[in-house]
Each structure stands twice: as C-alpha cells, then as structure tokens.
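Written below as structure tokens is the structure these notes are about.
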Number of protein chains: 2
Amino acid sequence: MNYSTKQRTVVGKVIEDAKRPLTPSEILSKGRKKSLSLGMATVYRALRFLIDEGRAVLVEIPGEPPRYESSGRGHHHHFVCNSCRKVFDLEGCLCHVDALAPSSFRVESHEIILYGSCDHCSGV
Amino acid sequence: MNYSTKQRTVVGKVIEDAKRPLTPSEILSKGRKKSLSLGMATVYRALRFLIDEGRAVLVEIPGEPPRYESSGRGHHHHFVCNSCRKVFDLEGCLCHVDALAPSSFRVESHEIILYGSCDHCSGV
DNA sequence: ACATAATTGATAATGCGTTCTCATTTTTGA
DNA sequence: TCAAAAATGAGAACGCATTATCAATTATGT
C-alpha cells in the first residue's frame with residue numbers, strides 16, 4: 001500500500017520548488033515539463049497523499065480556485081496580484097488581529113490577504 | 001427599463017435587515033418567508049441589480065459559497081464560525097496590515113478573516 | 001523473475017452553483 | 001384602460017472543478 005511512483009515524486013517536487021501556491025492545473029503543466037504524460041486525476045490523487053502526509057497544505061483565496069503549497073513554511077499570509085492573478089507568500093504576521101473579534105467569540109485562527117499589483121505587474 | 005417589483009424589494013429588505021452576509025439560498029428562504037413564491041433565478045437577478053446600484057456587496061470567504069450583504073457598513077472584516085458556518089461582521093480594522101507586503105508590491109486592499117466559534121456555539 | 005496489489009491516465013460521470021429559456025404575469029407610461 | 005416592455009419562476013441547460021471507472025502499467029516483497 002502506498003507505492004512510491006515517479007508521478008507522485010514529480011508532484012511533490014513541483015510543490016516544494018514553487019515559491020508560491022499553485023493551482024492543480026498549474027501543477028499539472030509544471031509536472032508535465034519535469035517529465036512524462038502526467039494526468040489530472042493523478043495530480044489530484046498525489047495532492048491528497050501529500051496533504052495526508054502533511055507535506056502540502058491547501059491555500060484558499062476568495063473567488064480563486066484552490067491552490068496548494070509546501071507545508072513547513074511556517075505561519076504566513078498571502079498577496080493576490082489583481083493583474084496577473086498570481087498568489088505570493090508574505091513574510092511575517094500581525095497576529096494581534098485576533099483582537100478584532102468580540103470577547104464572546106473564540107478565535108482559533110486567522111487569514112490575512114492583501115490585494116494589489118505584484119512587483120512585476122506594478123513595475124511596468 | 002428597471003421596473004420596481006415586489007420581489008426585488010423583498011430581496012433588498014432581506015439583505016438590509018440581515019446582520020451578517022447571506023448566501024443566495026439563505027436569501028431565497030428568507031425571502032419566501034417574507035412572502036410569495038420567490039424563485040432562485042429572481043434572487044440572482046435581484047442581486048445583480050442591487051450590486052450594480054451599489055446597494056449590496058459580494059463577500060467571499062475561502063471555501064465558502066459567495067455571500068451578499070448590505071453596502072454602507074463601512075470598512076470591516078469577517079468572522080467565520082467553524083461550528084455553524086455562519087459569517088459575522090467585525091467592527092474596526094487594523095489597516096497597517098498593508099505593511100506586510102514588500103515595498104515593490106503595490107497594495108490596493110486587504111481582507112482579514114477570523115475563524116473560530118461564535119458566541120452561540122462557544123457558549124455551549 | 002513472479003505474483004500480487006497499487007497506480008496511472010484517458011475519459012466518462014458527478015455535483016453544484018449559476019445562467020438561460022420561454023410562456024405567463026406585472027409594471028409602466030400614455 | 002391599453003399596449004409595450006420588463007420581470008417572474010419553473011425547469012432545463014451550462015460551466016467547471018473534482019471524482020469515479022477500468023484496462024493497462026508499474027512497484028513491491030519474496
């Protein structure tokens with residue numbers, strides 16, 4: 001059970017090498033460059049395994065398709081470029097945002113998402 | 001063009017009376033209580049008009065269906081209850097979160113979303 | 001190398017939210 | 001009140017991401 005295959009290795013590498021969260025179809029096309037005739041079903045299956053093993057995490061942005069990134073990047077948040085639609089990792093966090101909730105609410109986690117133009121798109 | 005109908009009035013009232021962002025199906029069921037045999041297509045059409053007129057705004061939460069709330073509540077953010085899945089408005093904002101982005105990025109807006117248990121669900 | 005069990009990939013099927021269709025009803029302005 | 005234009009609502013159709021199917025391929029342990 002749970003064989004080690006070329007395809008899963010490729011999907012894992014694509015995610016680890018990426019500097020930003022990727023959509024399943026981005027993972028598919030990057031994986032196909034690294035080699036072989038990778039199928040979409042295999043990408044989804046590999047993602048499930050990677051998440052189960054804790055090697056990848058789901059990154060959800062409102063109005064955007066689900067993306068996946070390597071786990072072990074620590075607590076961080078994301079920047080969405082309104083121009084190229086890419087999602088970037090941000091360093092650090094202002095964790096006292098939890099104080100925004102009324103005291104009768106119990107805060108377990110938070111998300112901060114910035115929107116704007118990335119360096120490439122705003123530099124033009 | 002653009003008639004004033006009972007159905008649009010009802011959808012507008014449902015959104016204005018709500019203390020939190022509502023999904024289209026929540027709007028449908030609340031609208032049907034207020035009266036009549038409201039249809040889902042009409043809800044979607046009414047939402048389009050309300051948004052075009054600037055009376056309603058779209059609220060998107062990762063992994064959640066789109067919700068709509070009355071505009072004119074000013075700048076604010078949201079709390080998602082992990083238990084009952086309802087979305088609540090939060091007062092205030094820590095707008096210096098924009099500083100999280102690298103200086104080469106141009107920040108245009110931000111979202112802060114807190115997750116946890118609402119007063120009702122955590123009180124049990 | 002072998003037998004077994006898991007994986008792959010192309011495609012079909014699914015689920016679900018949203019939009020379209022169109023006959024009927026309602027609003028509007030004259 | 002009347003004719004024209006718009007809105008309604010039930011259901012069909014659509015788009016799209018994800019999952020299931022299944023024969024063929026590949027990994028695994030002995």
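None of the values given here were measured: they were computed from a predicted structure. Naming convention: chains lettered A, B, ... in sequence-line order (proteins, then strands); numbering from 1 in each chain.
Atom CG of A/L47 and atom P of C/dT8 are 12 Å apart (whole Å). Between the CZ atom of B/R8 and the C1' atom of C/dT27 there is a distance of 11 Å, given to the nearest Å. Look at CG on B/L22: it is 16 Å from P on C/dG17, rounded to the nearest Å. Counting to the nearest Å, the P atom of D/dT8 and the CD atom of B/Q7 are 5 Å from each other. Distance CZ (A/R48) to P (D/dA17): 17 Å, rounded to an integer number of Å. Nucleotide C/dT7 holds its P atom 13 Å from the CG atom of A/L50, rounded to whole Å. In this structure, A/N2 atom CG and D/dT28 atom C1' are separated by 12 Å, rounded to whole Å. Rounded to whole angstrom, the span from the CZ atom of B/R32 across to the C1' atom of D/dA10 amounts to 10 Å.
Across all strands, A/S37 comes closer than 4.0 Å only to sugar-phosphate atoms, never to a base (heavy-atom distances). Nucleic acid contact class of B/T5 (heavy atoms, under 4.0 Å, all strands): sugar-phosphate only. Residue A/R45 is classed as a base contact, given a heavy-atom separation below 4.0 Å to a base. Backbone-only contact: B/P24 has heavy atoms under 4.0 Å from sugar-phosphate atoms and none from a base. A/P65 comes within 4.0 angstrom of no nucleic acid atom, judged by non-hydrogen atoms across all strands.
Listed for the B/S122 side chain is a donor-acceptor partner under 3.5 Å among the backbone atoms of A/S104.
Side-chain polar atoms of B/H110 and B/H75 form a donor-acceptor pair below 3.5 angstrom. Side-chain contact, B/H78 with B/E64: no donor N or O sits under 3.5 Å from an acceptor N or O. For the residue pair B/R8 / B/N2, a side-chain donor-acceptor distance below 3.5 Å is found, with atom types taken as modelled.
Comparing A/L38 and B/Y3 by the nucleotide of DNA chain C whose heavy atom lies nearest to each, the residue mapping closer to the 5' end is A/L38.
Side-chain contact between A/Y68 and A/V14 is absent, with no heavy atoms from C-beta onward closer than 4.5 Å.
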